Number of protein chains: 2
Amino acid sequence: MALRSITTQRRRLADEVYDQLVNAIMSREIGPDDRLVQEKLAAELDISRTPVREALLRLEKEGVLHLANSGGFRLAKISEEETLELYQARAAIEGQAARILAARNDPAEMKQLRATIRENEKLSNPSTQDYFAANRSIHRAFMEMAGNRFLLEMFDMIWGRAMAFHLFAAIENTDIAKSLGNHMALVDALETGDRATALEVFTAHIQDGFELHLDGIRRTP
Amino acid sequence: MALRSITTQRRRLADEVYDQLVNAIMSREIGPDDRLVQEKLAAELDISRTPVREALLRLEKEGVLHLANSGGFRLAKISEEETLELYQARAAIEGQAARILAARNDPAEMKQLRATIRENEKLSNPSTQDYFAANRSIHRAFMEMAGNRFLLEMFDMIWGRAMAFHLFAAIENTDIAKSLGNHMALVDALETGDRATALEVFTAHIQDGFELHLDGIRRTP
DNA sequence: TTTCGGTATACTGTATACAGTATTCAGAGC
DNA sequence: GCTCTGAATACTGTATACAGTATACCGAAA
């Protein structure tokens with residue numbers, strides 16, 4: 001028989017709500033001053049409170065929202081200290097992926113990475129969000145290539161959180177082109193085949209990102 | 001005024017259920033053949049299905065459980081491939097902590113780490129679970145000392161999952177003492193003050209753990 | 001005007017009720 | 001005995017109802 005089993009993939013309403021909330025946060029429709037109230041969201045989405053609640057609790061567990069003691073969920077704030085920690089975590093995850101890729105040093109993989117970078121750097125007059133998305137795509141390509149599902153999961157967690165914290169808002173004033181231009185050098189580092197070199201180059205790249213970020217914050221009033 | 005604000009800390013029933021489930025999994029009361037059904041658990045705990053459901057969904061999101069298509073949640077299984085990936089992720093996280101600690105190279109911190117190790121290695125006739133717990137405590141001490149909340153969070157995620165997968169079941173047959181004995185050398189590596197050295201030593205330590213683990217699996221029928 | 005007290009309001013957390021779907025099992029037909 | 005069909009069962013997912021608690025508001029007393 002040639003028929004494939006239908007993977008029902010029972011998508012829950014809660015997942016849908018979660019996605020919508022994430023999108024709304026990313027597109028700044030939900031800001032730091034908004035209060036997310038279960039009943040109101042449920043009414044707006046025309047569903048019951050139960051799945052809404054599940055989505056909100058999940059975002060709370062992920063550190064994106066927190067429950068205001070006056071009721072309602074709000075966006076979590078991030079301190080400069082925590083921002084540093086987030087970048088350190090990034091360095092850990094992406095640095096390890098770099099070590100894995102360098103150890104393999106597969107020419108086909110390297111070629112594909114370069115193609116992905118070229119594709120994503122083709123931005124004419126990019127907005128901050130475009131920049132953020134392109135940068136994320138490029139870095140995620142490295143992670144996918146490394147092929148470790150746990151590292152990839154953590155990568156998504158970190159970037160998701162960065163997004164939720166509106167971290168990119170601070171980059172408004174930085175030199176976007178400068179920050180986006182150095183990705184080919186990362187592949188160069190992988191192609192040395194030396195894990196330590198790859199790690200150092202990736203770590204430095206992320207460190208640069210952090211410093212650009214801090215500059216952005218400090219230039220913003 | 002010297003009074004502290006009372007942080008109500010509204011603990012939810014769902015959190016309580018979550019903890020109980022995690023404990024039950026760790027102590028092997030819940031095995032791979034058990035089916036966790038919302039109604040039954042709720043009845044057993046004498047609460048409604050709602051918080052039970054929340055806890056189960058959270059464990060599902062964490063990859064500990066999965067929804068069997070015949071209904072009911074079961075423990076997720078892990079392949080040898082995934083086990084490798086889990087150890088790679090560990091190396092990323094703990095390796096980065098090592099880099100941070102080595103860069104600081106604070107004598108007070110090093111002293112405290114050694115004390116923690118000594119404390120945890122004092123095991124007379126340890127069971128596999130004792131070993132697992134001690135090992136985890138020691139490694140977690142390094143993470144706490146590094147002081148990065150995201151890295152710590154990921155550490156807990158990884159070890160939580162390892163626990164859920166009953167990963168330590170495979171170590172039943174391995175030489176426990178051999179595996180527990182090398183932690184002081186980790187502190188030695190930190191005290192070189194060299195981040196690359198620290199990283200390599202930690203990574204190698206974790207790699208050793210992985211190989212011991214594989215040996216264990218392969219010797220188990 | 002400020003402070004106190006109490007009631008109304010708003011919101012979450014928990015319980016229960018309802019609907020839909022996949023699985024199981026018993027019985028009819030062969 | 002074996003296969004097919006359909007009803008019963010056992011679940012989850014979603015909606016709604018209920019309870020408790022914290023905040024806001026408003027009016028009275030100092």
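Please read these numbers as outputs of a predicted model, since none were measured by experiment. Residue numbering restarts at 1 for every chain, and letters A, B, ... go by the order of the sequence lines.
- Distance CZ (A:Phe73) to C1' (C:dA10): 14 Å, rounded to an integer number of Å.
- Electrostatic pairing of B:Arg140 and B:Asp156 counts as a salt bridge here, judged by a charged N lying under 4.0 Å from a carboxylate O.
- Annotation: B:Glu60, atom CD; neighbour count of heavy atoms from other residues, nucleotides and ligands within 6.0 Å is above 12.
- Between A:Arg74 atom CZ and D:dT23 atom C1' there is a gap of 13 Å when expressed in whole angstrom units.
- Within residues 42-63 of chain B, the residues having any heavy atom closer than 4.0 Å to DNA chain D are, in order of number, B:Arg49, B:Arg53.
- Residues meeting the side chain to side chain donor-acceptor pair (under 3.5 Å) test with B:Arg114, sequence neighbours left out: B:Asp188, B:Glu191.
- Between A:Tyr87 and A:Phe210, the ring planes are tilted. Angles from 30° to 60° get that label.
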I'd like a table of atom pairs between the protein and nucleotides 8-11 of chain D - only N or O on both sides, under 3.5 Å - with the distance next to each one.
unit_1 : atom_1 : unit_2  : atom_2 : d
D:dC11 : OP1    : B:Arg35 : NH2    : 2.9
D:dC11 : OP1    : B:Lys40 : NZ     : 3.4
D:dC11 : O5'    : B:Arg35 : NH2    : 3.4

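- For B:Arg161 and B:Glu62, the salt-bridge test fails: no basic side-chain N is under 4.0 Å from an acidic carboxylate O.
- Using a 4.0 Å cut-off between a side-chain N of Lys or Arg and a carboxylate O of Asp or Glu, B:Arg118 and B:Glu121 do not qualify as a salt bridge.
- The separation between B:Leu13 atom CG and D:dG20 atom P is 14 Å, rounded to whole Å.
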_Assess the residue pair A:Asn120 and A:His183 against the criterion (side chain to side chain donor-acceptor pair (under 3.5 Å)); give the C-alpha distance rounded to whole Å, side-chain angles, the decisive distance to 0.1 Å, and a yes or no._
CA-CA 10 Å; A:Asn120 277 285; A:His183 289 120; over 6 Å; no

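- With respect to A:Glu54 and B:Lys61, no salt bridge is recorded, no charged nitrogen being found less than 4.0 Å from a carboxylate O.
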